[in-house]
Protein chains: 2
Amino acid sequence: MGNPAVTMKTLAQQLGVSVTTVSNAYSKPDRLSEELREQVFATAKELGYCGPSAAGRALRSGKTGICGFLFGGPLSAAFSDPYSVLFLAGLSEAMESYESSVLLLRADAGDDDLLGRAPVDAVVSGSPTAAHPGLQRLAGRGVRVVGTMQSDDADWVAIDDREAGRLVGLHLARLGHRRVTLLVPGAESGPEPRETDLGPDGLLPPGFPGLGCGFAEARILGLRETMPDADVRVVSAGHNGKQSGRSAGAYVLDDQLRPSAIVALSDVLALGVWEAVQQRGLTPGRDVSIAGFDDLPDAGFVGLTSVHQPITEKGRIAGHLAMDPSYPKRQVLLPIELKVRASTGPAPLTTR
Amino acid sequence: MGNPAVTMKTLAQQLGVSVTTVSNAYSKPDRLSEELREQVFATAKELGYCGPSAAGRALRSGKTGICGFLFGGPLSAAFSDPYSVLFLAGLSEAMESYESSVLLLRADAGDDDLLGRAPVDAVVSGSPTAAHPGLQRLAGRGVRVVGTMQSDDADWVAIDDREAGRLVGLHLARLGHRRVTLLVPGAESGPEPRETDLGPDGLLPPGFPGLGCGFAEARILGLRETMPDADVRVVSAGHNGKQSGRSAGAYVLDDQLRPSAIVALSDVLALGVWEAVQQRGLTPGRDVSIAGFDDLPDAGFVGLTSVHQPITEKGRIAGHLAMDPSYPKRQVLLPIELKVRASTGPAPLTTR
DNA sequence: CCCGACAGGTTGATCGATAAAGTGAACGTT
DNA sequence: AACGTTCACTTTATCGATCAACCTGTCGGG
């Protein structure tokens, strides 16, 4: 039952010892006799004391045993995206070995607060929404920050997104594709797909939704690099979900100048496109090729060509980087691999 | 960059005002002039102060703005179980409306600590591992506890598991099934399926893994109630995953006395069974019927008969119960519905 | 016989912030 | 003119625990 007011002081008084001794019973067992320690615990149970309060301990010691997982956008979206779920699985697995827990944080502009006020020892930037403004300051406060995109200064675990783009580009180029549409997960703009051309530098035009994604730019660059003379269009697909993948797919497929290949910057989108293709009675890999990134389990299931990355392992390593300052490699580049499946095939002659 | 030692005191000194005023600037805007407030923020930015520290605030005010999500077993398992992922999606969605965040907690015996020391205002018991010993004491400390199983005293959001069992039982009985095997998610015992008969009371024998599940008992009771003269066997399927569903399914299917229907107490298990059935070249719903519970998205996808419950909504409501003491209904029973799909059909004549 | 090491405590300061009560000036009220 | 109010802050007292530093016997070695 435990009265709310039961604290170490209460215990100490009851036992006739100092508060420090009670504290030691919990956190420094070797500093008092085994016997007394037992007594402390016995009295604790009796009075309904349930261990040192998180707040007090955190304030004094400066540690919380909590690692934040930062997600850009509504947290509920994190759970509908298999990528983050897999990442979280790895992250929380790592946390268990540190007896720490994971705090889900939403990284929203303006919401400096929730982030700044989070009681965490470290933060892992889960979605590759690279640099949240508040992150910098957090780092100053002694919070370790771990990214999931390459950068010069910070700690990170990432893949070579440019290389990932190249893998797909090369593959499609060899299959003879010349007209390609890229689907980028956009901001939370409505379901309306929006279209653009790439700038002269091969990058997204400034202000185009999807820009913030971080990985988008690199993947596009890599792809362009290996398909220099292809006709590449870019369509923003609203939020990163199967649903918007489907509608963006529809938009692209119904266009009179249908591309021979559609590359989605994430598998969720690609899977949506896959459905749109099926709905139209077309066969992926024959009538139109589809490729994605991340190689989610479902990709293997339906036969979607995708660039594999070890997502759960990524989460695990991020966890170690976050909790263990002495972890040797502070910047980890994970291997990737193109999984060629049935969803990509030679470009149809009519559209070559 | 923000020196670690930048605190409200620093700000106050720099500005020549009291610490309280700085505090008010953040949490009680109407208690100081707009002008001064701006100044405070300006200086904060200048000195790299990133808002009130969570620890200090939590200690003094007794609130953390954090809701714990309690999972029985390794947290990483929570992410491989679509049920908990869907639940978490709802929970975190609700949290956003309270500007609170979710802390993932592992409810392990012996690990009283991690739970007791968690800086939370409330805890939602995510997996139906009903009553963690520490929960009681937490409640005493002023932490609101929300369950996902029916009980008399506490707040909860749940479904009528017994009724769920009845729905399945009735359905199977009408289809003429007389020999049924129940698959219960067991403890983390190895992959070895283990078998048992139901006790005379129609309950699991004491000590049988799966007992702790909470919902298992009720569902079994309901099922038995509607199939009084069926031959019901129970098999424990190791941990709650597709994998163990498959091996438990194999175990059951390869038995000489193969049942005409297999009921898994969770869809993940059922989906595993489904795969085992397919692997053997059998057709679910014709050669052997399969039914599950929870109606995960994949269930609809492959055509698995299952008892639907609004999982995400459950999480949402749990969140409201946790964060809003004035939420009207403190005990919420959600509707369920049997979704009949292709995986169940008339019992084959040979096995009737 | 003195010294140092060690086990097993104690004391007092402190972590960063908020709650509650107080202060003084300006203003309106009857 | 006396009095109640409001505004805009300040003062003081904690919240619960940990840390650094300091006692106090005891025991073995030189």
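Sequence lines set the chain letters: A, B, ... in the order given, protein chains first and strands last, and positions in each chain run from 1.
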message: When the axes are fitted on five pairs at both termini, how much does the helix from dC1(C)-dG30(D) to dT30(C)-dA1(D) curve, in 10° steps?
response: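 It works out to 40° between the end axes.
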
With the threshold set at under 4.0 Å for non-hydrogen atoms, list the residues of residues 27-40 of chain A touching DNA chain C in residue-number order.
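By residue number: R31(A), L32(A), S33(A), L36(A).
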
Spacing of [X] atom [atom1] relative to [N] atom [atom2], expressed in whole Å:
X      : N       : atom1 : atom2 : value
N24(A) : dG9(C)  : CG    : P     : 10 Å
K63(B) : dG16(C) : NZ    : P     : 24 Å
Y26(A) : dG16(D) : OH    : C1'   : 13 Å

- Message: Under a plain distance cut-off of 3.5 Å, with no hydrogens placed, do S18(A) and T21(A) share a side-chain donor-acceptor pair?
- Response: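 Side chains of T21(A) and S18(A): pair found under 3.5 Å.
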
Would you say a side-chain N or O of S53(B) is under 4.0 Å from OP1 or OP2 of dC15(C)?
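Checking dC15(C) against S53(B), no side-chain N or O comes under 4.0 Å of OP1 or OP2.
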
- Message: Measuring to OP1 and OP2 of dA17(C), would you say a side-chain N or O of Y49(B) lies under 4.0 angstrom away?
- Response: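 Affirmative; the distance criterion is met.
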
- Message: Categorize S18(A) for me: base, sugar-phosphate, or nothing, with a 4.0 angstrom heavy-atom threshold over every strand shown.
- Response: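 The answer is base, as S18(A) lies within the cut-off (heavy atoms under 4.0 Å) of a base atom.
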
Test side-chain contact (heavy atoms from CB on, under 4.5 Å) applied to [X] - qualifying residues, sequence neighbours left out:
X       : answer
T43(A)  : L11(A), Q14(A), L15(A), L47(A)
T312(A) : L86(A), R316(A)
Q150(B) : W156(B), A158(B), D160(B), L333(B)
S100(B) : M95(B), Y98(B), M323(B)

Exercise. Do other residues, nucleotides or ligands put more than 12 heavy atoms under 6.0 Å from the CZ atom of R31(A)?
Worked result: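 Open: at most 12 neighbouring heavy atoms sit under 6.0 Å from CZ of R31(A).
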
Exercise. Can you check whether any acceptor in the base of dT10(C) is under 3.5 Å from a donor in the side chain of T21(A), or vice versa?
Key: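 No, no donor-acceptor pair under 3.5 Å.
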
So, using ring-ring contact (aromatic ring centres under 6.0 Å, His included) as the criterion, who are the partners of F79(B) when residues are at least two apart?
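ring-ring contact (aromatic ring centres under 6.0 Å, His included) check on F79(B) returns nothing, list empty.
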
For residues 55-63 of chain B, run the donor-acceptor check on the side chains, cut-off 3.5 Å, and write out each pair with its distance to 0.1 Å, sequence neighbours left out.
from: S61(B); atom 1: OG; to: R57(B); atom 2: O; distance (Å): 2.7
from: S61(B); atom 1: OG; to: K63(B); atom 2: N; distance (Å): 3.3

Tell me which nucleotide among [options] gets nearest to the side chain of [X].
X      : options                   : value
M8(B)  : dA17(C), dT11(D), dG16(D) : dA17(C)
S23(B) : dA17(D), dT11(D), dT18(C) : dT18(C)
V17(B) : dT11(C), dT10(D), dG16(C) : dT10(D)

Dump the pairs, protein N or O against N or O of nucleotides 13-15 of chain D, anything under 3.5 Å, distances to one decimal.
from: dT14(D); atom 1: O2; to: R60(B); atom 2: NH1; distance (Å): 3.1
from: dC15(D); atom 1: O2; to: R60(B); atom 2: N; distance (Å): 3.3

Please identify each residue that fulfils salt bridge (charged side-chain N to carboxylate O under 4.0 Å, His left out) with [X], with sequence neighbours left out.
X       : answer
D161(A) : R219(A)
R330(A) : D155(A)
D121(B) : none

